[in-house]
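Below is one structure; the comments refer to it alone.
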Amino acid sequence: MRFSQLASCFLALEATSKRLEKTSRVSALIRQCDLDLLEPLLLLLQGRIYRLIDPREPGVSDRTMIKALQTAYGISPAAIETRWRKHGDLGLVAEELAKAQAQVRLVAETLDLQRVHTTLTKLAVHEGAGAIDHKVRLITELLSHADPAEARYIVRLVLGQLRMGVGEGIIRDAICWAFLPMPKGLFDSNEHCDDAKDNSSGNKTPTSGNRTVFTCDTADDALIIARDNPQALLILPDESAARQAYNLIISTVQHALDVSNDFAAVALVARTRGIGGLQAMDITPGKPLKVMLAQKAESMEKGLASVGLPCQAEYKYDGFRVQIHIDPHQEVSIFTRRLENVTRQFPDIVSMVKDLPGPLILDAEAVGIDQDGSFLPFQSISQRIRRKHRIADSVRRLRVQVHVFDVLYRQGSMLSRPFQERRKAVQELVPINGPLQAATATTIAEEKDAVAFYEKALAAHNEGIMLKAFDAPYRPGSRVGSMVKVKPVMDGLDLVIVEAEWGEGKRATWLTSFTLACQHQGTCLAIGKVGTGLKEKLDDSDEETLTFAAITEALRPLIERQEGRAVWLRPELVVEVAFEEIQKSPSYASGYALRFPRMIRLREDRAADDAASLDEVRIAYEQQYRRGLT
DNA sequence: GTTGCCTGCCC
DNA sequence: ATTCTGC
DNA sequence: GCAGAATGGGCAGGCAAC
């Protein structure tokens, strides 16, 4: 397959926000792709170079890419930054430069998909001195053969930012559309689907001919027929049944992805062994699963409404997520939320669990504790997560305590078991106290129970609580309403904007990142940046809406100097910023920084002198750890 | 030899 | 991590 | 209701620049 085919698919995907159209285009592409190219194709469609579980990384981001563009197109870094500021996307910069060069350059080899992927793979080679030069050469080599559209996507692939609105959901659905039996009549009325099919694969798609029509009474019947007849076209009694059947087929693929985290393997099984093959795929202790994520609740009331009563509440610990595996040989491995293997970094956790009855998969939070057993701030424990050297030393200095809150595998997969049952397994497996312990939890019958437990959690220096629906299955990688977090709302601070940066992607024409400062003896001391909380679109029903456009215009007259994407401002505009915590900062001039900052509103009534002073920040810093003790 | 920028990944 | 947005 | 794309601070490691 030529890389240009992928590039033109990317162009079409970028041009629409409609999910069905995206799904249709992706499915057309994977349907016509040779089976041995499925792996690179599916990776590149996701904007990845390596599989999720592959520990390799390209090691190239903005700065190295600017060097590569400099080498490839002979343009100075300053000029590249200027164009970056204009387009908000280095891929678009490359495309522009490639266009300008196309007139001078004579021949170009055509790039094929396999070659592009293989070359990108080589970015990860670590070879000490000269590594950056090597990466620059690899990128330059690809760009020298790329037409403008290809250049755009080569750059974005290297940076891991396709910005096409295509994620795992659409690729999952596309695998279904391409390789599995489908109910008739669901998307026929959607013109885009037919469109894409006709355009890119004509009438001879592997699955469109020779279809046997089956009439099914229910969605469950349809799934059975689909399993036994890979070429089936399913006729359901009505649209609702057809949709149910479709959802069942999608869930089958989702299940296979959940347990494998490997799109190419799943696509191959779908193509060669159909639904039965997908259903037979199962969790393998030792292979990581994605973790289930919690939604944030605006209040206790809304949180409880989301999970339903009665429910379970747990402390929300300020540590990091660990998925602990014991395989059939009783070998332990530990994975982070992003499926990084951190077993080597945590020998202490390995010894905590090594005598549990495997095979087993536990979901837990690891928290740092000091000599007295009180919690350490997240910054401390984070020193251990990526450590490669002097690990034994760090194990001695930074002790961890592991709070187990879920069991995903115990005598078989527990994913579809109700949470209540999984939680019972936690209690059977893990003690209440000690270095490895069950997360502190309670049953909530009504709101006042939850409030009392929440107060207790805060008094014990936790971030807040988790609320979990008793009957919910474990949904790897999803952020669903059956699991919510409730955290305190912190007071905001009024701070002055002293610098800003132009945005990227769809926010390229606005200032989108703002450096904040507090006051100290007549000068501004930086305390961090904020770049979220503002809206892209004006909300007519809300007079107070703060948009990127509005703040950009408010700041424009204050611009003193610009360089690349950076903007220096006269410190006049005051904004209210919310945050979770004030931290000691090793980098900001004030000595403090805000954890999870977000913009609340403009304070046009305030002058720079009215912004928070360093003393106020210091007081807020000291004060925050007393919360919940009163 | 030391410092500082860059990257990726925790939150 | 938080937040906003489109389907 | 969910996925995706914007954006935050700080950490270790690794390379380049000094």
Side-chain angles (χ1 to χ4, degrees), chain A residues 16-23 47 55 57-67 88 126-135 159-170 172 293-296 306 317-322 336-340 342 345 365-366 377-391 394 463 475 477-482 485 487 501 503-508 510 512-516 527-537 539 545 547-548 577-588 592-600:
Chain A
T16 180
S17 56
K18 293 185 168 61
R19 288 205 295 246
L20 291 175
E21 184 180 347
K22 289 181 201 277
T23 309
E57 49 199 45
V60 176
S61 189
D62 311 339
R63 294 296 139 191
T64 310
M65 183 55 79
I66 287 172
K67 283 189 187 177
H126 293 300
E127 49 174 14
I132 305 285
D133 270 353
H134 182 63
K135 293 172 202 277
L159 297 176
Q161 308 194 308
L162 242 28
R163 304 189 217 265
M164 292 190 310
V166 172
E168 303 195 346
I170 280 166
R172 173 201 61 204
L293 302 163
Q295 286 183 352
K296 187 173 176 176
S306 179
Y317 301 92
D318 187 11
F320 76 102
R321 195 81 173 260
V322 282
T336 65
R337 188 182 139 174
R338 294 276 291 269
L339 314 190
E340 298 286 318
V342 290
Q345 291 93 310
E365 187 85 1
F378 174 76
Q379 277 159 293
S380 306
I381 187 65
S382 74
Q383 294 173 24
R384 285 190 56 183
I385 299 173
R386 302 209 76 193
R387 188 172 283 277
K388 282 173 82 169
H389 311 299
R390 303 180 316 280
I391 287 174
S394 79
E463 285 191 316
R475 303 250 321 258
S478 293
R479 195 180 289 280
V480 284
S482 58
K485 49 189 163 188
K487 298 163 85 168
E501 204 166 43
E504 288 205 80
K506 56 188 174 179
R507 299 184 182 168
W510 301 313
T512 58
S513 170
F514 310 93
T515 304
L516 308 162
I527 191 173
K529 298 199 277 193
V530 63
T532 190
L534 303 98
K535 287 183 159 64
E536 291 165 6
K537 313 204 93 183
D539 182 351
T545 311
T547 60
F548 286 107
V577 173
F579 49 88
E580 291 300 301
E581 189 181 23
I582 299 174
Q583 305 171 313
K584 290 271 191 188
S585 169
S587 49
Y588 285 107
Y592 295 95
L594 309 177
R595 192 180 187 197
F596 312 145
R598 55 262 194 188
M599 189 84 78
I600 299 299

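Keep in mind that this is a model prediction, so the values were computed, not measured. So that the names make sense, note that chain A is the first sequence line, chain B the second, and so on, each numbered from 1.
- Looking at residues two or more places apart in sequence or on another chain, you find no ring-ring contact (aromatic ring centres under 6.0 Å, His included) involving A/F378.
- The two atoms that bring A/V577 and A/I600 nearest to each other are C-CG1, 4.2 Å, heavy atoms only.
- Close approach of DNA chain C to chain A, defined as any atom under 4.0 Å from a non-hydrogen atom of the protein, starts and stops at C/dA1 to C/dC7.
- With sequence neighbours excluded, the residues satisfying side chain to side chain contact (heavy atoms under 4.5 Å, CB included) with A/E504 are A/W84, A/Q161, A/R163, A/R565.
- Taking atom CZ on A/R507 and atom P on D/dA5, their separation rounds to 12 Å, with Å as the unit.
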**Prompt:** What string of B, S and - do you get for nucleotides 10-18 of chain D, 5' to 3', when a contact is any protein heavy atom under 4.0 Å?
**Reply:** SSSSSSS--
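- The side chain to side chain donor-acceptor pair (under 3.5 Å) test applied to A/D539 returns A/S541, not counting sequence neighbours.
- Residues passing the side chain to side chain contact (heavy atoms under 4.5 Å, CB included) test with A/S482 are A/M292, A/A469, A/A472, A/V480, sequence neighbours excluded.
- Rounding to whole angstrom units, CD of residue A/Q161 and P of D/dA5 are separated by 10 Å.
- Contact annotation for A/M65: no contact, since no heavy-atom pair falls under 4.0 Å across all strands.
- Here A/T512 does not reach the OP1 or OP2 of D/dA6: none of its side-chain N or O atoms lies under 4.0 Å away.
- Among the protein residues, A/Q295 comes within range of the sugar-phosphate backbone only, with heavy atoms under 4.0 Å from sugar or phosphate atoms but none that close to a base.
- Rounded to whole Å, atom C1' of D/dT7 lies 18 Å from atom CZ of A/F579.
- Within the 4.0 angstrom heavy-atom criterion, base atoms lie near A/F596.
- Every residue two or more places apart in sequence or in another chain that forms a side chain to side chain contact (heavy atoms under 4.5 Å, CB included) with A/Q295 is listed here: A/R479, A/V484.
- Proximity of a side-chain donor or acceptor of A/Q345 to a complementary backbone N or O of A/I385 within less than 3.5 Å is detected.
- Nucleotides B/dG4 and C/dT5, compared at atom P, are 40 Å apart to the nearest Å.
- Here the C1' atom of nucleotide D/dA6 and the NZ atom of A/K529 are 14 Å apart, to the nearest Å.
- Among the heavy atoms of the strands lying under 4.0 Å from A/R19 is at least one base atom, whether or not backbone atoms are also near.
- With D/dA3, D/dC2, D/dG8 as the candidates, the nucleotide lying closest to the side chain of A/S478 is D/dA3.
- In this structure, the salt bridge (Lys or Arg N to Asp or Glu O under 4.0 Å) partners of A/R598, at least two apart in sequence or on a different chain, are A/E580.
- The side chain of A/R163 contributes an N or O atom lying less than 4.0 Å from OP1 or OP2 of D/dA6.
- Residues meeting the side chain to side chain donor-acceptor pair (under 3.5 Å) test with A/R595, sequence neighbours left out: A/D318, A/E581.
- For A/Y592, the ring-ring contact (aromatic ring centres under 6.0 Å, His included) partners at least two apart in sequence or on another chain are A/Y621.
- The nearest whole Å value for the distance from the CG atom in A/L20 to the C1' atom in D/dA3 is 14 Å.
- Comparing A/K485 and A/S17, the nucleotide of DNA chain C nearest to each residue sits closer to the 5' end for A/K485.
- Every ring-ring contact (aromatic ring centres under 6.0 Å, His included) that A/F548 has, sequence neighbours left out, goes to A/W510.
- Residue contacts for A/I381: at a heavy-atom cut-off of 4.0 Å it reaches no nucleic acid atom on any strand shown.
- What separates CE of A/M164 from C1' of D/dA3 is a distance of 15 Å, to the nearest Å.
- The outermost nucleotides of DNA chain B lying under 4.0 Å from heavy atoms of chain A, listed 5' to 3', are B/dC6 to B/dC11.
- Comparing A/R479 and A/T16, the nucleotide of DNA chain C nearest to each residue sits closer to the 5' end for A/R479.
- Counting heavy atoms of neighbouring residues, nucleotides and ligands inside a 6.0 Å radius, atom CZ of A/R475 does not exceed 12 of them.
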